[in-house]
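Right, one structure below, let's go through it.
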There are 2 protein chains.
Amino acid sequence: MVVDGLDETDGVDRLFHALADATRRDILRRCGRGELSVSRLAAAYPMSFAAVQKHVTVLERAGLVGKERRGREQLVRTDPDALARARRALDELESAWRARVDRMSGLLTEAAGPGTPAKGPDR
Amino acid sequence: MVVDGLDETDGVDRLFHALADATRRDILRRCGRGELSVSRLAAAYPMSFAAVQKHVTVLERAGLVGKERRGREQLVRTDPDALARARRALDELESAWRARVDRMSGLLTEAAGPGTPAKGPDR
DNA sequence: TCCATCTACAACCATTTGGTTGTACGTTAA
DNA sequence: TTAACGTACAACCAAATGGTTGTAGATGGA
């Protein structure tokens with residue numbers, strides 16, 4: 001690992017990793033308002049309470065949900081900005097990718113020039 | 001696992017999982033055009049050729065890149081539509097989530113007839 | 001032809017994941 | 001106070017991940 005270092009890599013890792021599980025995506029869908037407690041959530045899935053708890057923790061560390069205590073229960077709410085952050089990560093990816101395409105097209109177009117267009121490895 | 005069944009779960013899983021690694025995201029950034037062979041790519045990372053090969057395989061099974069053989073080398077190109085698919089998955093997630101929020105807000109609104117102006121939405 | 005290169009893939013290993021059960025603790029209701 | 005509920009967390013386990021090395025098959029160039 002540790003290839004990037006430029007963007008907030010770990011955060012993006014956690015974001016996409018959290019999204020890469022159907023149960024966790026379903027939790028996100030359900031928790032628009034902070035109305036669902038962890039145990040209420042857990043009742044909806046064919047797995048133990050502890051397992052759902054872990055999924056919520058993963059979502060929480062990815063910044064996709066927050067928890068708010070109400071009495072003895074813990075209400076889960078998905079962060080409205082979180083998906084926007086994921087979208088931004090995709091945008092960044094796409095724009096970097098597109099820029100590279102353009103740059104390469106440009107290089108190919110003016111390919112005649114001898115002037116070492118190199119020096120543009122990564123980044 | 002197997003909670004959804006409604007959307008094309010496995011594909012989305014593979015998509016986000018593929019995106020949840022900095023090296024793989026970097027490969028995506030680089031491979032806008034099909035100009036980079038696997039070994040060329042591998043030279044850019046502090047890991048073995050086989051490791052990079054595996055990353056490319058993960059990206060390929062997620063539909064994020066395609067490979068095209070040219071002579072003895074295999075050129076990698078990111079699929080322009082792939083990120084769009086990821087974006088759509090996010091959209092689906094957000095819309096489902098938002099629908100749920102609206103539905104709940106609706107219920108709350110018509111439940112709070114007389115008093116209880118409370119329900120003070122934080123923030 | 002022979003050799004270097006590029007790729008594919010198997011075998012192996014350490015760590016992480018996703019699940020389980022069990023225990024402990026705070027809070028609410030009887 | 002006591003019992004039930006909701007949560008937190010540790011310990012454990014099987015399977016998947018991310019990495020390694022090694023071997024073998026194609027391809028291209030000398």
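Chain identifiers are assigned alphabetically (A, B, ...) following the order of the sequence lines, protein sequences preceding nucleic acid strands; residue numbering begins at 1 within each chain.
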Side-chain N or O of [X] versus OP1/OP2 of [N]: is the shortest distance under 4.0 Å?
{"X": "Gln53(B)", "N": "dA8(C)", "result": "yes"}
{"X": "Ser39(B)", "N": "dT5(C)", "result": "no"}
{"X": "Ser48(A)", "N": "dG19(C)", "result": "no"}
{"X": "Lys67(B)", "N": "dA8(C)", "result": "yes"}
{"X": "Thr23(B)", "N": "dG18(D)", "result": "no"}

Compare the minimum distances between each of dG18(D), dT21(C), dG18(C) and the side chain of Arg24(A), then state the nucleotide with the smallest one.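 Output: dG18(C).
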Among the candidates dT21(D), dT7(C), dT20(C), find the nucleotide nearest to the side-chain atoms of Ser37(B). dT7(C)
Is the backbone of Ala89(B) close enough, under 3.5 Å, to the side chain of Arg25(A) for a donor and an acceptor to pair up by distance? no
Nearest-Å distance, [atom1] ([X]) to [atom2] ([N])?
{"X": "Arg40(B)", "N": "dC6(C)", "atom1": "CZ", "atom2": "C1'", "value": "13 Å"}
{"X": "Glu73(A)", "N": "dA4(D)", "atom1": "CD", "atom2": "P", "value": "19 Å"}
{"X": "Phe49(A)", "N": "dG22(C)", "atom1": "CZ", "atom2": "P", "value": "16 Å"}
{"X": "Leu19(A)", "N": "dG18(C)", "atom1": "CG", "atom2": "P", "value": "12 Å"}
{"X": "His55(A)", "N": "dA8(D)", "atom1": "NE2", "atom2": "C1'", "value": "17 Å"}
{"X": "Asp21(A)", "N": "dT17(C)", "atom1": "CG", "atom2": "P", "value": "12 Å"}
{"X": "Gln74(B)", "N": "dG25(D)", "atom1": "CD", "atom2": "P", "value": "18 Å"}
{"X": "Arg69(B)", "N": "dG25(D)", "atom1": "CZ", "atom2": "P", "value": "15 Å"}

Is the shortest side-chain N to carboxylate O distance from Glu92(B) to Arg29(A) below 4.0 Å?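 Judged by the 4.0 Å cut-off on N to carboxylate O distance, Glu92(B) and Arg29(A) do form a salt bridge.
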State plainly whether the residues Glu73(B) and Arg40(B) are in salt-bridge range, i.e. N to O under 4.0 Å. no
Dump the intermediate steps for salt bridge (charged side-chain N to carboxylate O under 4.0 Å, His left out) on Asp26(B) and Arg30(B), then the final yes or no. CA-CA 6 Å; Asp26(B) 198 67; Arg30(B) 293 177 124 106; 2.4 Å; yes
Taking Leu28(B) as the fixed residue, which of Val76(B), Leu19(B), Asp79(B) is the one that meets the side chain to side chain contact (heavy atoms under 4.5 Å, CB included) rule? Leu19(B)
Val58(A) or Ala50(A): which one's nearest nucleotide on DNA chain C is closer to the 5' end? Val58(A)
Which sits closer to the 5' end of DNA chain D, Arg72(A) or Lys54(A), going by the nucleotide each is nearest to? Arg72(A)
